[in-house]
Amino acid sequence: MPAVTSPKQLFEHELQDMYYAEKTLTKVLPKLAEEASDRELSRAFSSHLKQTEGHVANLEKVFRAIGKTPQATTCPGIEGIKKEHDEFVQSSSPSTDMLDAFLTGAAARAEHYEIAAYTGLVATAEALGKREIAELLRQNLEQETAMLEKATRTHDRLVGTQLPG
Ligand SMILES: [Fe+2]
Ligand SMILES: [Fe+2]
C-alpha cells in the first residue's frame with residue numbers, strides 16, 4: 001500500500017487490517033465451536049460466527065461508503081492470537097476442561113483486539129464526520145463487547161469450579 005500520510009489513509013489501512021482479521025475469524029470460529037466441550041461455550045462461538053459474518057458485511061459496506069473496493073491486508077495481531085492457540089493445543093495436550101478454559105481466554109484476547117480496533121475506527125469516523133460509517137462500525141464494536149462479556153463469564157464459571165481448595 002502507498003505511504004500512509006493522512007488520517008483517511010490510516011483509517012483505510014485499519015479497515016483493511018480488520019477486514020483480514022474478521023475474515024480469518026470466520027474460518028477459526030467453526031473450529032473453536034467444535035473444539036469446545038462446554039455446550040454454552042460452543043454455542044457462544046457458533047453464534048459469534050454469525051455475528052462475525054455480519055462484521056465482514058458491515059466492513060464491506062464501509063469500504064463502499066468511502067468509494068473503495070474491500071481489500072484485506074495481513075493482520076499480524078490476529079495471526080498471533082491464532083498461533084498462540086495452535087501452539088497451546090499442540091504442545092500442551094490439554095484436558096477437555098482445561099482446553100475449554102483456555103478457549104475462553106483466547107476468545108477474550110481476540111475480542112480485546114477487535115474492541116481496540118473498532119474503538120479507534122469509530123472515533124476516526126466520527127472525527128471525519130462520517131456518521132453512517134461510525135454507526136456500522138459501532139454495531140460491530142457492540143457485538144465484540146458482548147462476546148467479551150460472554151467469554152469472561154464462561155471463564156469464571158469454568159475456572160471457578162476447577163480451582164483447588
Ligand atoms: Fe468481529
Ligand atoms: Fe469478535
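In listed order, ligands and their atoms are each counted from 1.
- The Fe ion (ligand 1) sits nearest to atom OE2 when only the N, O or S atoms of Glu114 are considered.
- A salt bridge between Glu87 and Lys83 is present, with a side-chain N of the basic residue lying under 4.0 Å from a carboxylate O of the acidic one.
- Inclusion of Glu22 in the first shell of the Fe ion (ligand 2) is not supported: no N, O or S atom falls under 2.8 Å.
- For the Fe ion (ligand 2), the N/O/S atoms of His55 include none lying under 2.8 Å.
- Among heteroatoms of the N, O or S kind in His48, NE2 lies nearest the Fe ion (ligand 2).
- Note on Glu144: its N/O/S atom closest to the Fe ion (ligand 1) is OE2.
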Requested in this report: Would you sort out whether Arg109 and Glu84 count as a salt bridge (Lys or Arg N to Asp or Glu O under 4.0 Å), showing the intermediate values?
Outcome: CA-CA 10 Å; Arg109 282 172 174 80; Glu84 198 170 37; 3.4 Å; yes
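- In summary, the side chains of Glu144 and His55 do present a donor paired with an acceptor at a separation below 3.5 Å, with no hydrogens or angles considered.
- Taking 4.0 Å as the cut-off between side-chain N and carboxylate O, Arg157 and Glu40 count as a salt-bridged pair.
- Here Glu12 pairs with Lys68 in a salt bridge; the nearest charged N to carboxylate O distance falls below 4.0 Å.
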